[in-house]
Amino acid sequence: MEIINLESVDSTNKYAKEHINEISDKTVISADVQTSGRGRFDRKWNYQGMGNIYASIILKPSNKFETVYSSLTQYLCVILSKTFEEYGVQPKIKWPNDILINNKKISGILAEAVIEKNELKGIVLGVGINLNSTKEELEKINQPATSLNNEIGMTIDKENFINSLLKRFYLKYNDFIQNGFALIKEDYEKRANFLGKEITIKVFDKEINGIAKEITIDGALKIVDKNNKEQTLYMGDIL
Ligand code: BTN
């Protein structure tokens with residue numbers, strides 16, 4: 001595993017996608033400054049200073065896309081939660097892969113696959129983690145947000161955090177590729193903050209309302225609406 005540190009880049013995900021053929025499997029691209037970070041549904045990911053993590057993990061598990069790869073974001077989400085827990089905080093997972101501490105978002109994950117002529121060139125797993133932000137920076141974000149330094153009242157060593165995260169990630173990575181979401185289902189559910197509650201999920205411009213019943217064996221969200229109709233969702237955003 002190699003970590004390539006860039007001083008400044010528009011987006012580590014964009015960089016990784018553009019250089020996918022030159023980057024080897026399991027490499028991590030990290031940037032001190034990220035000027036044009038992107039989130040899910042093409043939202044903006046704010047730059048909040050060098051003390052935070054802007055990184056992309058490049059994975060090349062095979063030349064063909066397998067369904068299990070879609071849950072890699074949830075695998076990273078569980079690994080990230082466990083890393084946060086080492087700092088004495090209690091992260092909660094908001095399906096599919098946001099992490100909240102005290103109901104405020106602390107990290108986000110964006111996965112992108114590069115496919116050329118039906119061949120999978122690689123998966124780019126981008127992650128933004130608020131480690132050391134100021135309250136002023138956090139207030140500029142258009143949803144409640146927090147950072148680890150604000151939660152525990154001390155500066156976080158960025159290198160320690162990322163090393164611990166990556167060590168955990170690669171420890172069970174092969175196992176995850178073999179077994180899929182089933183491997184982490186229990187760890188994921190334990191931290192899920194939405195199960196059993198009435199929620200509204202936005203899927204593009206449609207809103208679906210119901211009780212979050214369970215997470216399926218492949219990481220999808222099963223909800224039951226007021227007419228007792230079940231729906232299984234593979235993407236969306238809990239509002
Ligand atoms: C989200 O919450 O919508 C996902 C945010 C992902 C942000 C990270 S920061 C590093 C990488 N590069 C990007 O442009 N985005 C991801």
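All ligand and atom numbering here is 1-based and tracks the order in the structure. Keep in mind that what you see is a predicted model, and the values were worked out from it rather than measured. If you read the sequence from its start, that first residue is 1, and numbering goes on from there.
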Could you pull out every N or O of ligand 1 that sits under 3.5 Å from a protein N or O, with the distance for each pair?
from, atom 1, to, atom 2, distance (Å)
ligand 1, 2 (O), Lys105, NZ, 2.6
ligand 1, 3 (O), Arg40, N, 2.7
ligand 1, 12 (N), Thr12, OG1, 3.2
ligand 1, 12 (N), Gln34, OE1, 3.1
ligand 1, 14 (O), Ser11, OG, 2.8
ligand 1, 14 (O), Arg38, N, 2.8
ligand 1, 15 (N), Arg38, O, 2.7

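- Among pairs with a residue in residues 21-35, none fulfils salt bridge (Lys or Arg N to Asp or Glu O under 4.0 Å), at least two apart in sequence or across chains.
- Take Met235 and apply the side-chain contact (heavy atoms from CB on, under 4.5 Å) test, not counting sequence neighbours, and it matches Phe41, Val203, Phe204.
- Contacts classified as salt bridge (Lys or Arg N to Asp or Glu O under 4.0 Å) and involving residues 194-207 (residues at least two apart or in different chains) are not found.
- Remark: Lys135 does not engage Glu137 in a salt bridge, criterion side-chain N to carboxylate O under 4.0 Å.
- Between the side chains of Tyr69 and Ser62, at least one donor N or O sits under 3.5 Å from an acceptor N or O.
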Given Lys185 and Lys190, is the side chain to side chain contact (heavy atoms under 4.5 Å, CB included) satisfied, shown in steps?
CA-CA 9 Å; Lys185 190 172 188 290; Lys190 229 168 34 193; over 6 Å; no
